[in-house]
Amino acid sequence: MDTTNLNSPLGDRGMKLATKLIHAGATPDPSTGAIMTPIYQTSTYVQEAPGVHKGFEYARSQNPTRKALEEAFAIIENGKFGLAFSSGVAATDSVIKLLNPGDEVICASDMYGGSYRLFTKVWERYGIKFIYVDTTDAANVKAAVTANTKLVWLETPTNPLMNISDIEAIAAISKQAGALLCVDNTFASPYLQNPLDLGADIVMHSVTKYLGGHSDVIQGCLMMNDAELREKLYFIQKSCGAVPGPMDCFLVLRGIKTLGVRMKAHCENGKIIANWLRNHPKVAKVYWPGFEDHPGYAVAKKQMRDFGGMISFELKNDSLPPGRDGVDEAKRVLSSTHLFSLAESLGGVESLINHPASMTHASIPKEERIKNGLSDSLIRLSVGIEDADDLMEDLKKAIG
Ligand SMILES: *Cc1c(COP(=O)(O)O)cnc(C)c1O
C-alpha cells in the first residue's frame, strides 16, 4: 500500500493549540492505517541483518508508541524535542544528572515536596548543592548566582501556595549566569503556559497530572529546543532507563487530545469555586492566582492564558470551640467531603482534596514548611470538571 500520505505528520507547529492537542504526534499506522497509534507492546525488534533495522533496536531506547507521544510533547509545548519518563520525579532526576559534583542549583523555596526530597535526600549526597530562594522576586535568584550555578529550577504556580515567578525575568538571569533554566510546568499545563516561549531551556511535567488527566498513569516528560541538550537527556533516558511502558504512552496520547476542553472546564470551575470560597464566612484566606490582589497576579496575567483549577485555602480559627485548633478543623473538613476525594495528586477530571502538611508535603520538615508559609491547616483542592454547583454544595456541607 502507498504510505506516503499516511506518513505526513499532522499537528504541525503552525496550528492553533486546540488543533495541535488533537493531532500532535498522530500519524496513522503505516502498516494498517489505524488512526490511533498502536500500543507496541514489545521489548525488541527483529533485524534484517546485524545492524540493519528500521530505527528500533531495543525498547528501552526506542518504542514507536513512546516516539509518537514524545513528538506530541514537543509540539504542545512549542518545543523541538520531547522525552518521556516513567514518572515526574524520574524526569526531574534526569535533569539533575546533567550536573557534576560541585555544581549549584538555585531552586524555589516553595516547591513540590517530592522534588525537595529528591534534591536534599538523594542528590546532595553526590555533592550537588541546592540553594533555596523565594523566586517570586527575580532579584533573589540573581543574588544567589555564583560561578558554580549551573541550573535554575523553577515551579510556577507553586504547589500548594500558588506563588507566581516571572519566567521571562528568571530566564534572562539564568542565561546571563550561563545556567540552564528548567521550569516544572505541571500546575499550569501547556494549555495555560509555555515556558520555552519565555526563554526556559527545559520544561518538565508530571504527566501524571493534567496531561494524563484521568488519574490512571504515572509518567513524566521533558521538552526542549536545543538539539545538544536533547542528546544529553536522551543519553540519560536510555542509560538510566526510567522509561514509561507503551500502554501508559497510549493513555497519555489519548489524554492530551482532551487537554483543551478539560483545562477550559478546570479554569471555569476554579474561578467559580475560588470566588465562592473567598466569600465564605468560615474561610480566612484563599490562594488562587486569578485574584487581582494575589501578589503574583500581574505576572500570572502576563505569562498564563488563564488561572487553572488549583486552589488552596485556610479556615478561620476564631470561632472554633475551646480545645479545637485549626488543624483539627481542617482535618474534619478533609474527611467530610464526598465529591472531593481525599487523595494526593491533582489534575484529573475528578475533584480531589488534600492536606499538604500530612500528605503531599510531609517530606518537607515542619520548620521549613512554616517558614515558607505552608501552615498545618492549609487545604488544597484540585477542582475537577464536574458541575460547579455540585462541587460547591459538597464543600458547603463539609465546611459547615
Ligand atoms: C506530582 C508532581 C511532581 C512529581 O511527579 P510524579 O509523576 O508524581 O513523579 C512534580 N512536580 C509537581 C508540581 C507535581 O505536582
Side-chain angles (χ1 to χ4, degrees), residues 69 73 77 82-97 105 107-123 130 132 135 151-165 167 182-193 195 200 202-223 237 240-245 248-249 251-252 255-256 263 266 287 289 304 308-312 343-348 352-356 359-364 372 374 378 380-384:
L69 176 61
F73 282 152
E77 267 300 3
L83 291 169
F85 294 85
S86 54
S87 67
V89 292
T92 303
D93 186 63
S94 300
V95 174
I96 305 301
K97 283 173 177 153
V105 184
C107 34
S109 47
D110 161 34
M111 65 170 169
Y112 176 67
S115 305
Y116 179 86
R117 180 175 57 198
L118 175 68
F119 294 169
T120 55
K121 295 277 173 16
V122 179
W123 282 110
F130 297 88
Y132 300 92
T135 55
L151 176 70
V152 176
W153 186 271
L154 202 60
E155 199 182 308
T156 179
T158 60
N159 178 4
L161 290 171
M162 313 300 151
N163 286 322
I164 303 290
S165 297
I167 298 172
C182 182
V183 178
D184 180 339
N185 203 29
T186 302
F187 263 41
S189 91
Y191 182 80
L192 296 182
Q193 177 172 282
I202 309 172
V203 171
M204 173 263 162
H205 283 275
S206 169
V207 175
T208 313
K209 316 297 167 51
Y210 287 109
L211 288 174
H214 297 75
S215 308
D216 51 10
V217 173
I218 294 281
Q219 196 179 107
C221 69
L222 300 173
M223 293 86 154
Q237 183 200 39
C240 302
V243 290
D248 285 358
C249 293
L251 286 171
V252 175
I256 287 173
M263 287 309 294
H266 283 297
Y287 300 83
M304 297 173 74
M310 294 302 300
I311 301 168
S312 292
E344 298 198 5
S345 200
L346 60 110
L352 299 179
I353 191 164
N354 168 287
H355 185 225
M359 296 167 70
T360 44
H361 290 66
S363 51
I364 303 177
N372 298 331
L374 199 171
L378 190 81
R380 189 188 81 183
L381 302 177
S382 171
V383 176

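Just so it is clear, the structure is predicted and the values come from calculations on it, not from any experiment. As the structure lists them, so they are numbered: ligands from 1, and atoms in each ligand from 1. Quick note: numbers below take in every heavy atom, side chains included, and nothing from hydrogens, waters or symmetry partners.
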Minimum side-chain heavy-atom gap Tyr210-His205 below 4.5 Å: no

Minimum heavy-atom distance Ala90-Ala242, with the two atoms named: CB-CB, 3.7 Å

Criterion side-chain contact (heavy atoms from CB on, under 4.5 Å) against Phe73, the qualifying member of Ile256, Leu222, Val203: Ile256

Among Val95, Asn185, Leu83, the one residue meeting side-chain contact (heavy atoms from CB on, under 4.5 Å) with Ile202: Val95

Can you produce the list of protein nitrogen or oxygen atoms under 3.5 Å from a nitrogen or oxygen of ligand 1, alongside each distance?
residue  : atom   : partner : partner atom : Å
ligand 1 : 5 (O)  : Ser206  : OG           : 2.9
ligand 1 : 7 (O)  : Gly88   : N            : 2.9
ligand 1 : 7 (O)  : Ser206  : OG           : 2.8
ligand 1 : 7 (O)  : Thr208  : OG1          : 2.6
ligand 1 : 9 (O)  : Gly88   : N            : 2.9
ligand 1 : 9 (O)  : Val89   : N            : 2.9
ligand 1 : 11 (N) : Asp184  : OD2          : 2.7
ligand 1 : 15 (O) : Lys209  : NZ           : 2.7

Geometric cation-pi criterion, Lys97 with Phe85: 6.0 Å, 45°: no

Parallel, tilted or perpendicular: rings of Phe130 and Phe119 (30°, 60°): parallel

